[in-house]
S.K.: 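Could you have a look at this structure, given as structure tokens, before my questions?
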Protein chains: 2
Amino acid sequence: MRADAQRNYDRIVEAASEAVARDGAEASLEEIARRAGVGSATLHRHFPNRWALMSAVFHGRTEGLCERAGELETAPDPHEALVTWLRELAAYSATARGLAAVLLAEPLQQSESCGAMLVTAGERLRLRAVEAATVRPDVSIADLLTLVNAIALAAEKTGPAEAARLVSLAMDGISAHPQTR
Amino acid sequence: MRADAQRNYDRIVEAASEAVARDGAEASLEEIARRAGVGSATLHRHFPNRWALMSAVFHGRTEGLCERAGELETAPDPHEALVTWLRELAAYSATARGLAAVLLAEPLQQSESCGAMLVTAGERLRLRAVEAATVRPDVSIADLLTLVNAIALAAEKTGPAEAARLVSLAMDGISAHPQTR
DNA sequence: GCAGAAGCGGGGGGCCACCCCACTTATTGT
DNA sequence: ACAATAAGTGGGGTGGCCCCCCGCTTCTGC
């Protein structure tokens with residue numbers, strides 16, 4: 001990639017970050033291009049569709065969440081670590097309007113994508129919890145991420161607190177006496 | 001309402017139903033108006049925004065789900081009845097692309113809305129399950145509907161089967177031994 | 001049957017995503 | 001240093017969208 005192309009790429013992502021923070025994932029691509037000081041054609045060449053741009057925007061934040069997963073790997077309680085991480089993911093997704101939609105929209109297994117990063121990071125936490133026998137082994141990390149993202153998406157209007165509450169609910173299960181069934 | 005206005009209203013809803021079945025909730029409003037044989041202004045007069053139209057489109061289906069809830073009220077196992085109903089709701093939402101988004105978008109307590117109908121219908125099933133002590137009393141029907149709709153929204157790409165599976169997962173809880181925590 | 005109001009829809013404005021193509025600019029081999 | 005070249009650029013065009021204005025049509029109560 002040529003140096004000027006790289007510079008334009010970075011400027012677009014930066015402008016997009018600001019726009020998304022203000023207007024959510026439905027921000028105008030044209031305005032992003034205008035603020036970045038590039039033509040709209042340049043934006044569309046670098047990012048063939050809206051999701052591609054959003055994916056780039058959220059890449060940094062996603063890395064932060066993966067680092068957090070690394071920290072939690074050494075936590076004493078594996079189950080608590082997994083739940084905490086998922087709750088943080090939900091809270092962040094609910095704040096960064098559009099992240100949840102992006103994660104759900106793109107195929108989860110596509111490498112280099114935000115989703116793939118979260119899968120590999122989360123899988124370790126899940127494995128630890130399964131080994132500790134606090135999580136059913138037939139529940140995949142994809143299941144958990146989909147569930148959490150779904151909740152974040154639904155809670156975008158109601159706020160991060162509600163999102164975290166629903167995550168806890170789903171994790172504990174809503175049944176009063178699950179062992180009797 | 002004048003007779004011709006009513007006729008146009010019905011034709012718009014019918015055209016919208018077909019369009020939604022084909023293209024999902026993002027169907028073109030202009031094309032819906034065209035197919036209904038009315039001007040776009042008429043469509044926008046009857047339905048001030050997209051959600052209003054979608055709400056009308058899904059009204060009939062929602063009534064069907066409410067009837068189903070009525071049937072399930074006499075089922076022998078209250079817990080199974082609740083879970084079955086929620087699973088059916090999820091499966092239908094995942095099929096009727098956009099229903100979930102509509103239910104999440106409109107305020108749940110607004111009377112006459114699809115959401116309100118589901119709340120009253122589902123509340124009875126939930127109460128029966130609470131009385132049978134198989135569901136925690138602090139879980140509201142709004143919690144359950146939000147959770148199920150969130151899952152349906154997330155599973156729109158993967159299909160109804162996956163949606164039903166995730167609902168079961170959330171209801172059972174993903175923990176291996178919930179009673180130990 | 002008629003007056004008035006309720007309803008209608010063509011057309012236009014503003015905005016959008018996306019594409020085409022003539023022009024500019026960085027890179028590379030000599 | 002410099003020319004050849006391939007990569008990159010952005011202005012403008014296209015088609016579509018939502019929504020609104022306003023003169024015209026059609027229904028309804030008397």
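By convention in this document, chain letters (A, B, ...) are assigned in the order of the sequence lines, proteins followed by strands, and residues within each chain are numbered from 1.
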S.K.: Write down the distance between OH (B:Tyr9) and P (C:dC8), rounded to a whole number of angstrom.
M.R.: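 Rounded to whole Å, this separation is 13 Å.
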S.K.: Tell me whether the OP1 or OP2 atom of D:dC19 has a side-chain N or O from B:His44 closer than 4.0 Å.
M.R.: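 Indeed, a polar side-chain atom of B:His44 lies that close.
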S.K.: Ignoring backbone atoms, establish whether B:Arg45 has a side-chain N or O less than 4.0 Å from OP1 or OP2 of C:dG7.
M.R.: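 No, B:Arg45 has no side-chain N/O under 4.0 Å of OP1/OP2 on C:dG7.
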S.K.: Return the 5'-most residue of the pair B:Ala41, A:Glu30 with respect to DNA chain D, ranking by each residue's nearest nucleotide.
M.R.: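 The 5'-side residue here is A:Glu30.
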S.K.: Specify the separation, in whole Å, of atom CZ of A:Arg34 and atom P of D:dG10.
M.R.: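 It is 14 Å, rounded to the nearest whole Å.
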S.K.: When you measure from the side-chain N and O atoms of A:Asn8 to the phosphate of D:dT9, is any distance below 4.0 Å, counting only OP1 and OP2?
M.R.: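 For D:dT9, OP1 or OP2 has a side-chain N or O of A:Asn8 closer than 4.0 Å.
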S.K.: For B:Ala3, report the nucleic acid contact type (base, sugar-phosphate, nothing); a contact means any heavy atom under 4.0 Å.
M.R.: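 Counting heavy atoms under 4.0 Å across all strands, the contact made by B:Ala3 is with sugar-phosphate only.
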S.K.: side-chain hydrogen bond (donor to acceptor under 3.5 Å, both in side chains) with A:Asp4: which of A:Arg2, A:Gln6, A:Arg7?
M.R.: A:Arg2
S.K.: To check you understand the geometry: which heavy-atom pair defines the closest contact between A:Ala75 and A:Arg128, and what is its length?
M.R.: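 Closest approach of A:Ala75 to A:Arg128, heavy atoms only: O-NH2, 2.9 Å.
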S.K.: Quick one: B:Arg2 CZ to D:dT26 P, roughly how many Å, whole number?
M.R.: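 In whole Å, D:dT26 P lies 10 Å from B:Arg2 CZ.
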S.K.: For the side chain of A:Arg50, starting at C-beta, report the closest nucleotide among D:dC18, C:dG7, C:dA17.
M.R.: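 Shortest atom-to-atom distance from the side chain points to C:dA17.
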S.K.: Within a strict 4.5 Å, meaning less than it, do heavy atoms of the B:Leu29 and B:Ser40 side chains meet?
M.R.: no
S.K.: Would you mind reading off the distance between B:Glu26 atom CD and C:dA17 atom P, rounded to a whole angstrom?
M.R.: 14 Å
S.K.: Could you state the CH2-P distance from A:Trp51 to C:dC18, rounded to the nearest angstrom?
M.R.: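 My rounded result for the distance is 11 Å.
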S.K.: Do the side-chain N or O atoms of B:His46 get closer than 4.0 angstrom to the phosphate oxygens (OP1, OP2) of C:dC8?
M.R.: yes
S.K.: In this structure, how many angstroms lie between the P atom of D:dC18 and the CG atom of B:Asn49, rounded?
M.R.: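 So the CG-P distance, B:Asn49 to D:dC18, works out to 12 Å.
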S.K.: Quick one: A:Gln6 CD to D:dA7 C1', roughly how many Å, whole number?
M.R.: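 One finds 14 Å between C1' of D:dA7 and CD of A:Gln6, rounded.
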S.K.: Which of these passes side chain to side chain contact (heavy atoms under 4.5 Å, CB included) with A:Ile32: A:Asp23, A:Leu53, A:Val57?
M.R.: A:Leu53
S.K.: Take atom CZ of A:Arg11 and atom P of D:dG8, then tell me their distance rounded to the nearest Å.
M.R.: 17 Å
S.K.: Only one of B:Leu125, B:Leu144, B:Val148 forms a side chain to side chain contact (heavy atoms under 4.5 Å, CB included) with B:Trp85, so which one is it?
M.R.: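 Result for side chain to side chain contact (heavy atoms under 4.5 Å, CB included) with B:Trp85: B:Leu125.
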S.K.: On DNA chain D, does the nearest nucleotide to B:Arg7 precede the nearest nucleotide to B:Ser28 from the 5' side, or the other way round? Give the residue.
M.R.: B:Ser28
S.K.: Tell me which nucleotide among D:dC18, D:dG10, C:dC19 gets nearest to the side chain of B:Leu29.
M.R.: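 Selected nucleotide (nearest to the side chain): D:dC18.
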